[in-house]
There are 2 protein chains.
Amino acid sequence: MAVTLKDVAALAGVSVKTVSNVVNGYSFVKPANRKLVEDALVATGYRPNIGARNLRRGRTGFFALMVPELGIPYFGELAAMIITAAHERDRNVLIEQTWGQRDLERSTLASLGPHLVDGAILSPEALEAEDFALLGPDVPVLMVGEHAVEARLDRVAIDNVLAARTAVEHLVRLGRRRIACIGENPRRGTSAMRLQGYREALADAGMPADAELVAPAVNYHRRDGAEAMRALLELPDPPDAVFCFNDMLAVGALRAAAERGVQVPADLAVVGFDGSEEGAYSTPTLTSIAPDKAAIAERAVERLTTRIDTGLPHESAFIQTPFVLEVRESTAGRRA
Amino acid sequence: MAVTLKDVAALAGVSVKTVSNVVNGYSFVKPANRKLVEDALVATGYRPNIGARNLRRGRTGFFALMVPELGIPYFGELAAMIITAAHERDRNVLIEQTWGQRDLERSTLASLGPHLVDGAILSPEALEAEDFALLGPDVPVLMVGEHAVEARLDRVAIDNVLAARTAVEHLVRLGRRRIACIGENPRRGTSAMRLQGYREALADAGMPADAELVAPAVNYHRRDGAEAMRALLELPDPPDAVFCFNDMLAVGALRAAAERGVQVPADLAVVGFDGSEEGAYSTPTLTSIAPDKAAIAERAVERLTTRIDTGLPHESAFIQTPFVLEVRESTAGRRA
DNA sequence: CTGAAAGCGCTAACAA
DNA sequence: TTGTTAGCGCTTTCAG
């Protein structure tokens with residue numbers, strides 16, 4: 001069995017309270033006793049039982065992080081940073097994967113509660129507004145990224161409309177005239193805002209909004225990007241540029257272009273979204289909107305911990321984090 | 001406050017013992033009482049406090065999973081599957097990232113113990129044999145993947161030597177004559193075995209082992225692969241094939257080849273290791289050794305849970321999982 | 001078959 | 001300042 005406070009107290013010849021005080025860096029402890037306790041602490045190799053502490057304190061010390069899947073580079077990287085930020089505040093993170101399925105997202109929401117986690121960071125994909133009723137009234141949660149649902153929750157994200165506009169304006173400035181987009185999907189929150197930014201940029205440039213250039217995508221995997229791109233390339237008047245709603249779609253689009261012998265960027269400029277490292281090494285390298293993931297992680301964890309510690313109610317604040325457009329080979333130079 | 005067992009008992013008009021029995025599906029409960037309790041259960045929306053349960057049971061219900069970083073596709077995907085496998089057994093997973101640094105790996109090892117987790121799955125990168133002394137004597141742990149250290153631990157992995165041989169034999173069969181490798185690193189366990197497989201395959205083919213074709217890599221990121229490949233291409237007699245010790249190195253190598261105008265696979269065949277999805281969409285697509293990650297996750301979690309449940313000591317068994325060679329464009333056809 | 005009660009390891013009143 | 005003690009919510013002997 002592990003060493004307990006009582007064991008340490010016995011060895012040091014003091015009460016558990018004193019040991020507890022020392023362990024928690026509390027109030028004034030007589031120096032002589034402090035020394036005694038510290039020696040006993042190292043002698044026994046004492047380590048607090050986190051579960052017992054949290055039971056007593058009425059919290060668990062855990063966050064839930066709900067994401068579609070860790071195998072997606074964006075979420076793997078984001079999770080990495082959220083875990084790091086949580087550790088800095090002595091919290092641990094439980095990862096719940098939903099594979100973007102609404103039923104799994106719903107059951108994750110329903111399972112959230114004071115019995116298991118103190119709060120949660122959500123990145124839902126298919127949740128509808130009504131689903132948030134599943135959430136207990138006093139479970140502090142917050143969302144990262146854009147989502148279609150209008151929930152009364154704090155949200156940490158970049159300005160997706162602006163980011164999408166930035167991406168498309170970049171293509172306009174390159175002299176591209178038929179700019180497509182890939183990723184339209186009414187059930188995804190990110191889609192709506194990126195589509196809006198796309199449309200705004202075209203409108204600002206006085207370019208027509210051609211419906212056939214808006215390619216839908218059920219999922220946002222590489223495969224989906226490739227399929228959508230193939231369809232676009234088969235158009236009688238194919239696009240000379242494409243804005244993909246994430247990097248995986250863009251990588252798929254690059255793949256489809258390569259298969260058809262379409263030169264990127266000469267015949268087709270491609271912009272992605274996520275700033276994943278994969279895009280920095282693809283052939284050609286990928287221009288992409290790069291959100292500051294570290295900032296998202298930091299702000300989200302910071303917000304959630306203060307929300308938990310203060311016990312204040314939800315506020316549905318929007319915490320905006322920065323992004324940059326990383327220009328790389330896939331949009332290098334003007335149209336040939 | 002959340003609903004407790006006592007609340008349910010009060011509502012049902014029975015003792016907590018009876019409620020507990022029902023909740024845990026225990027022994028015989030009088031049907032009338034069972035009904036009473038079940039009604040009270042749904043009426044109150046009772047959810048067990050996992051922390052309290054585990055405190056009482058003397059276990060935490062958590063595993064630790066120590067990996068370099070989740071942002072690396074291989075580990076993101078593996079973690080995804082391990083979490084899934086653990087959930088199926090009512091366990092949760094705490095992820096500890098070490099960024100491949102020995103000191104962080106050491107402190108993770110030292111922090112493992114019955115107070116926080118019931119056991120751990122380790123994927124160390126820099127640990128030395130002596131570091132395992134940091135591990136408490138009764139902490140069930142097991143390793144996934146190959147590692148240089150000779151620890152008395154269970155291990156779940158593919159046959160790395162055979163896998164590496166398979167990769168290189170494939171290049172030999174393609175008619176390649178100067179086969180390089182990237183990833184040599186005396187401090188990494190994976191390196192030693194993959195290098196051995198590489199050497200065995202060359203020896204079997206009656207090909208000389210040219211030291212300048214063995215490119216070291218401090219880390220296994222895309223950047224490192226690109227750097228190593230650039231150096232290889234600057235050799236007076238550059239290689240016509242390269243076996244990279246992971247897919248990220250291989251993607252970097254593809255990048256370097258593209259920069260130099262070296263045609264893959266015509267001038268240079270490239271094989272990776274990991275079977276990551278990124279390689280299935282790179283340009284050209286990447287031939288790779290693909291371990292069955294789902295099998296690794298499943299076997300590792302299964303082994304660890306039985307080890308915990310039975311309380312048996314470590315056994316240093318080697319549990320071997322399958323792999324396949326996925327042949328793609330980067331090695332398509334014979335040398336031009 | 002069920003109730004009472006002890007106690008997992010810890011923190012925090014409350015006393016001393 | 002420090003000791004005593006009562007629980008946090010749960011499981012589990014031990015009686016009944």
Side-chain angles (χ1 to χ4, degrees), chain A residues 1-38 40-41 44-62 90 113-118 136 138 308-309 311, chain B residues 1-38 40-41 44-62 90 113-118 136 138 309:
Chain A
M1 248 325 154
V3 182
T4 73
L5 263 195
K6 211 194 281 183
D7 300 331
V8 180
L11 181 63
V14 299
S15 78
V16 286
K17 178 58 165 49
T18 305
V19 180
S20 177
N21 282 342
V22 172
V23 169
N24 293 293
Y26 270 7
S27 52
F28 294 62
V29 177
K30 206 195 305 182
N33 276 341
R34 176 177 299 275
K35 180 83 176 68
L36 238 37
V37 171
E38 281 168 349
L41 245 22
T44 54
Y46 171 78
R47 308 204 130 258
N49 180 320
I50 311 293
R53 170 181 294 175
N54 289 328
L55 174 59
R56 181 60 239 238
R57 284 190 178 156
R59 55 191 191 75
T60 68
F62 291 106
D90 288 317
H115 50 286
L116 185 55
V117 295
D118 300 328
D138 19 59
I308 290 168
D309 292 343
Chain B
M1 241 356 184
V3 184
T4 74
L5 261 195
K6 208 194 283 184
D7 301 330
V8 180
L11 181 64
V14 299
S15 78
V16 288
K17 177 61 166 47
T18 304
V19 181
S20 178
N21 282 343
V22 173
V23 170
N24 293 292
Y26 270 6
S27 53
F28 294 63
V29 177
K30 204 196 303 185
N33 277 342
R34 176 178 299 275
K35 178 85 176 69
L36 239 38
V37 171
E38 280 167 351
L41 244 22
T44 55
Y46 172 78
R47 306 200 133 262
N49 180 318
I50 312 293
R53 171 180 293 173
N54 289 330
L55 175 60
R56 182 60 239 233
R57 283 189 178 159
R59 55 189 191 74
T60 67
F62 291 107
D90 288 318
H115 51 284
L116 185 53
V117 294
D118 299 329
D138 19 59
D309 292 344

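Just so it is clear, the structure is predicted and the values come from calculations on it, not from any experiment. Proteins get letters first, then strands, A, B, ... in listed order; numbering begins at 1 in each.
- Atom NZ of B/Lys6 is separated from atom C1' of D/dT12 by 17 Å (rounded to the nearest Å).
- Close to D/dC8, at under 4.0 Å from its OP1 or OP2, lies no side-chain N or O of B/Asn49.
- The side chain of A/Arg56 lies closest to C/dC10, out of C/dT2, D/dT11, C/dC10.
- Of the candidates C/dC8, D/dT2, C/dG3, the closest approach to any side-chain atom of A/Lys30 belongs to D/dT2.
- Contact between the side-chain N/O atoms of A/Asn54 and the OP1/OP2 oxygens of D/dC8 is not found at any separation under 4.0 Å.
- The side chain of A/Ala52 approaches C/dG9 more closely than any other nucleotide in the set C/dT2, C/dG9, D/dT2.
- Nearest heavy-atom pair, B/Val29 versus B/Asn33, reported as atom, atom and distance to 0.1 Å: CG1-CB, 4.1 Å.
- Across the protein-nucleic acid pair, B/Asp7 atom CG and D/dC10 atom C1' stand 13 Å apart, rounded to whole Å.
- Here CG of B/Leu41 is found 10.0 Å from CG of B/Leu11. Values are rounded to the nearest 0.5 Å.
- Here D/dT11 presents its P atom at 10 Å from CG of B/Asn21, a figure rounded to the nearest Å.
- Regarding B/Arg59, its CZ atom lies at a distance of 11 Å from the P atom of D/dT11, rounded to whole Å.
- To the nearest angstrom, P of D/dC8 lies 13 Å from CG of B/Leu55.
- No side-chain heavy atom of B/Asn49 sits less than 4.5 Å from a side-chain heavy atom of B/Thr4.
- Heavy-atom distances to DNA chain C give each of A/Val23 and B/Pro31 a nearest nucleotide, and the one nearer the 5′ end belongs to B/Pro31.
- Closest to the side chain of A/Lys17, out of C/dC10, C/dG3, D/dT4, is D/dT4.
- Among D/dT11, C/dG9, D/dG3, the nucleotide with an atom closest to any side-chain atom of A/Thr4 is C/dG9.
- Between A/Leu5 atom CG and D/dG7 atom C1' the separation is 16 Å, expressed in whole Å.
- Listed here is the closest heavy atom pair of A/Lys6 and A/Val16: CA-CG1, 3.8 Å.
- With 3.5 Å as the limit, one finds a donor-acceptor pair spanning the side chains of B/Thr60 and B/Asp118.
- Residue A/Val23 comes nearest to A/Arg53 through the heavy atom pair CG1-NH2, 3.8 Å, listed as atom of the first residue, atom of the second, then distance.
- Residue B/Arg53 has no polar side-chain atom (N or O) positioned under 4.0 Å from OP1 or OP2 of D/dG9.
- Residue B/Ser20 places at least one side-chain N or O under 4.0 Å from the OP1 or OP2 atom of D/dT11.
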Subject >> Secondary structure of DNA chain C in dot-bracket form (Watson-Crick or G-U wobble, distances below 3.5 Å, | marking inter-strand pairs) >> reply: ||||||||||||||||
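- Side-chain atoms of B/Tyr46 lie closest to D/dC10 of the nucleotides C/dT2, D/dC10, C/dG9.
- When the side-chain nitrogen and oxygen atoms of A/Thr18 are compared with OP1 and OP2 of D/dT2, none of them lie within a distance under 4.0 Å.
- Atom pair B/Lys35:NZ and C/dT2:C1' shows a separation of 20 Å (rounding to whole Å applied).
- Contact between the side-chain N/O atoms of A/Asn33 and the OP1/OP2 oxygens of D/dT2 is found at a separation under 4.0 Å.
- Nearest approach of A/Val37 to A/Val8, heavy atoms of both residues: O-CG1, 4.4 Å.
- Between A/Leu5 and A/Ser20, the shortest heavy-atom contact is CD1-CB, 4.1 Å.
- B/Arg47 has its CZ atom 16 Å from the C1' atom of D/dG9, to the nearest Å.
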